[in-house]
Visitor: 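Take this structure, written in structure tokens, and hold onto it; I'll ask about it next.
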Amino acid sequence: MAQQLEFGLDTFGDVTHGPDGKALPHAQVIRNLVEEAVLADRVGIDFIGVGEHHRADFAVSSPETVLAAMAARTSRIRLGSAVTVLSSDDPIRVFQRFSTVDAVSNGRAEVILGRGSFTESFPLFGFDLRQYEQLFEEKLDLFAALLPQQPVSWEGSIRPPLKDQLVYPPVEHGPLKTWIGVGGSPESVIRAVRYDLPLMLAIIGGEPLRFKPFVDLYHRAYAQIGKAPKPVGVHSPGYVAATDEQAKEEFFPAYKQMRDRIGAERGWPPMGRDEFEREVAQGSLYLGSPDTVARKIATTANGLGLGRFQLKYSAGPLAHERMMECIRLYGEKVIPLVREMLG
């Protein structure tokens with residue numbers, strides 16, 4: 001590896017079950033998320049990302065507020081989104097909220113901007129889904145114009161123009177670290193290069209190395225403009241337990257429940273155990289003992305030339321206590337093993 005691989009965690013703030021098997025209140029799930037970040041900080045994980053949703057099965061609609069609470073309880077871990085749905089938000093307010101988290105955390109904030117795979121925020125905030133592409137394109141253009149922290153003059157079709165506008169508070173030490181989240185389209189890869197931003201690939205199923213052409217495209221596009229490429233990261237689901245079998249038996253019921261619930265909304269058939277086993281063996285589910293997970297991460301990191309790997313460790317009702325053990329094993333066992341494997 002030409003660069004030091006960073007290790008992150010992602011959570012969507014799934015509403016989890018307590019010991020009685022009943023769903024925990026959203027407020028308790030949010031408090032548990034903060035404790036998960038505290039543990040991640042303690043065991044040496046580099047980054048934690050919190051997703052944004054606006055529906056009953058996810059607890060976090062305001063990631064920046066949760067990240068600020070995490071900032072007050074941690075000292076070194078970087079704090080970001082996973083992802084911020086820029087299309088249905090205001091780019092200036094997004095920048096201000098993350099620059100505030102950056103101040104509270106003493107320079108540890110990041111943002112991953114994307115369109116998101118859920119669309120409930122569009123009607124909630126009064127946006128037309130028919131403008132899905134236009135909203136993201138123009139809002140990203142405005143957000144990118146804010147990053148140099150100079151007076152901004154900008155004009156588009158979705159809001160009144162700006163003339164020599166400064167936005168406060170500024171990020172204290174240099175530009176806000178901003179990634180573009182990509183689900184797998186060449187246009188999105190080229191867009192990241194156009195704005196000179198690092199690329200975060202959301203690989204949630206199938207063989208991970210099939211995304212190599214997108215990484216190659218990213219590097220070729222940078223070569224054409226005569227610049228060194230920014231880092232490439234991968235976000236994928238997974239779970240770590242003491243043994244492969246324990247990881248499967250603890251994770252599968254919760255993962256299937258989440259997958260089938262979302263799949264029913266999108267016309268997918270229910271997930272069978274055979275599909276689950278294929279994703280563990282050959283796909284993008286990083287599940288098993290520390291050694292098994294480490295080997296799979298190392299293979300993906302080498303194959304795609306990654307600068308960061310982010311494990312999405314939450315899965316529907318999967319219990320907080322089990323996620324805490326997964327975080328501990330990821331930090332104390334998996335990360336050192338991957339670093340040893342990569343030399």
Side-chain angles (χ1 to χ4, degrees), residues 5-16 29-30 32-41 43-53 57-64 66-67 70-71 74 77-85 98 101 108-118 177-184 198-205 208 211 231-240 251 254-255 258-259 262 279 284-287 293 296-297 300-301 304 306-316 318 320 322-324 326-331 334-335 338:
L5 182 65
E6 297 177 344
F7 296 86
L9 291 169
D10 287 333
T11 174
F12 289 172
D14 310 56
V15 172
T16 54
V29 173
I30 290 170
N32 287 346
L33 284 183
V34 175
E35 297 304 322
E36 290 159 17
V38 170
L39 176 59
D41 186 56
V43 297
I45 295 165
D46 298 310
F47 170 86
I48 187 165
V50 179
E52 172 197 347
H53 293 86
D57 45 353
F58 297 102
V60 179
S61 61
S62 176
E64 305 91 341
V66 179
L67 295 171
M70 292 174 172
T74 59
I77 193 168
R78 296 190 63 82
L79 307 161
S81 57
V83 301
T84 295
V85 185
F98 276 93
V101 173
R108 292 185 282 133
E110 300 184 9
V111 60
I112 302 175
L113 301 175
R115 286 172 286 192
S117 63
F118 293 81
K177 186 164 187 179
T178 302
W179 301 71
I180 297 292
V182 174
L199 186 71
M200 183 60 65
L201 296 168
I203 308 179
I204 59 174
F211 277 74
V232 174
V234 160
H235 151 107
S236 287
Y239 180 72
V240 191
F251 190 77
Y255 186 71
M258 174 196 67
R259 164 67 167 69
I262 295 171
E279 280 297 320
S284 296
L285 193 49
Y286 294 75
L287 183 144
V293 174
K296 193 166 187 175
I297 292 173
T300 300
L304 297 180
L306 298 184
R308 181 183 290 173
F309 179 86
Q310 295 178 191
L311 185 79
K312 195 266 185 180
Y313 67 95
S314 61
L318 184 67
H320 167 64
R322 287 184 169 172
M323 289 191 289
M324 291 285 276
C326 170
I327 291 168
R328 186 188 69 80
L329 290 171
Y330 183 64
V334 173
I335 291 175
V338 178

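One-based numbering along the sequence shown.
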Visitor: A side-chain contact here means heavy atoms from C-beta on lying under 4.5 Å apart; do Leu201 and His235 qualify?
Guide: no

Visitor: Any side-chain heavy atom of Leu306 within less than 4.5 Å of one from Leu5?
Guide: yes

Visitor: Leu304 vs Ile203, test: side chain to side chain contact (heavy atoms under 4.5 Å, CB included). Steps then yes/no.
Guide: CA-CA 12 Å; Leu304 297 180; Ile203 308 179; 4.1 Å; yes

Visitor: Considering residues at least two apart in sequence or located in another chain, which fulfil the salt bridge (charged side-chain N to carboxylate O under 4.0 Å, His left out) criterion with Glu110?
Guide: Arg78, Arg308

Visitor: Can you name the nearest heavy-atom pair linking Val50 to Leu67, along with the distance?
Guide: CG2-CD2, 3.8 Å

Visitor: For Glu64, what residues pass the salt bridge (charged side-chain N to carboxylate O under 4.0 Å, His left out) criterion, not counting sequence neighbours?
Guide: Arg97

Visitor: Take Ile45 and Ile335 through the side chain to side chain contact (heavy atoms under 4.5 Å, CB included) test and state the conclusion after the steps.
Guide: CA-CA 8 Å; Ile45 295 165; Ile335 291 175; 3.8 Å; yes

Visitor: For His53, check ring-ring contact (aromatic ring centres under 6.0 Å, His included) against everything at least two apart and list the hits.
Guide: Phe12, Phe58, Phe118

Visitor: Applying ring-ring contact (aromatic ring centres under 6.0 Å, His included), name anything that partners Tyr286, two or more places apart in sequence or on another chain.
Guide: Phe309

Visitor: Taking the side chain as everything from C-beta on, heavy atoms only, tell me whether Leu285 gets closer than 4.5 Å to Tyr255.
Guide: yes

Visitor: Nearest heavy-atom pair of Pro237 and Ile204: which atoms, and what distance?
Guide: CD-CA, 4.0 Å

Visitor: Are Leu318 and Phe251 side-chain neighbours, meaning at least one heavy-atom pair lies under 4.5 Å?
Guide: yes

Visitor: Can you find a pair of side-chain heavy atoms, one from Val234 and one from Gln310, that are under 4.5 Å apart?
Guide: no

Visitor: Only counting residues at least two apart or in another chain, list the ones meeting side-chain hydrogen bond (donor to acceptor under 3.5 Å, both in side chains) with Thr11.
Guide: Ser314

Visitor: Do you know the tightest heavy-atom contact between Pro231 and Gly307?
Guide: CB-CA, 4.5 Å

Visitor: Got a sec, which residues hit side chain to side chain contact (heavy atoms under 4.5 Å, CB included) with Arg108, two or more places apart in sequence or on another chain?
Guide: Ala71, Thr74, Ile77, Leu79, Ser105

Visitor: Not counting sequence neighbours, which residues clear side chain to side chain contact (heavy atoms under 4.5 Å, CB included) with Ser61? List them please.
Guide: His54

Visitor: Roughly how far apart are Leu311 CG and Leu287 CG, rounded to 0.5 Å?
Guide: 9.0 Å

Visitor: What residues form a salt bridge (charged side-chain N to carboxylate O under 4.0 Å, His left out) with Asp46, not counting sequence neighbours?
Guide: Arg76, Arg339

Visitor: What residues form a salt bridge (charged side-chain N to carboxylate O under 4.0 Å, His left out) with Lys177, not counting sequence neighbours?
Guide: none

Visitor: Has the side chain of Asp10 got a donor or acceptor atom that lies under 3.5 Å from a matching backbone atom of Lys312?
Guide: no

Visitor: Within the structure provided, determine whether Val334 and Ile297 are in side-chain contact (heavy-atom separation under 4.5 Å).
Guide: yes

Visitor: Between Ser81 and Phe98, is there a side-chain heavy-atom distance shorter than 4.5 Å?
Guide: yes

Visitor: Tell me every residue that passes side chain to side chain contact (heavy atoms under 4.5 Å, CB included) with Ile30, counting only those two or more places apart in sequence or in another chain.
Guide: Ala59, Val60, Val66

Visitor: Counting distance only, does the side-chain N/O of Glu52 pair as donor-acceptor with the main-chain N or O of Pro63 below 3.5 Å?
Guide: no

Visitor: Going by the rule side chain to side chain contact (heavy atoms under 4.5 Å, CB included), which residues pair with Glu36 if we only count those two or more places apart in sequence or in a different chain?
Guide: Asn32, Leu33, Tyr313, His320, Met323, Met324, Ile327

Visitor: Name all residues meeting the ring-ring contact (aromatic ring centres under 6.0 Å, His included) criterion together with Tyr330; count only those two or more places apart in sequence or in a different chain, and write none if there are none.
Guide: none

Visitor: Is any side-chain heavy atom of Leu113 closer than 4.5 Å to a side-chain heavy atom of Thr178?
Guide: yes

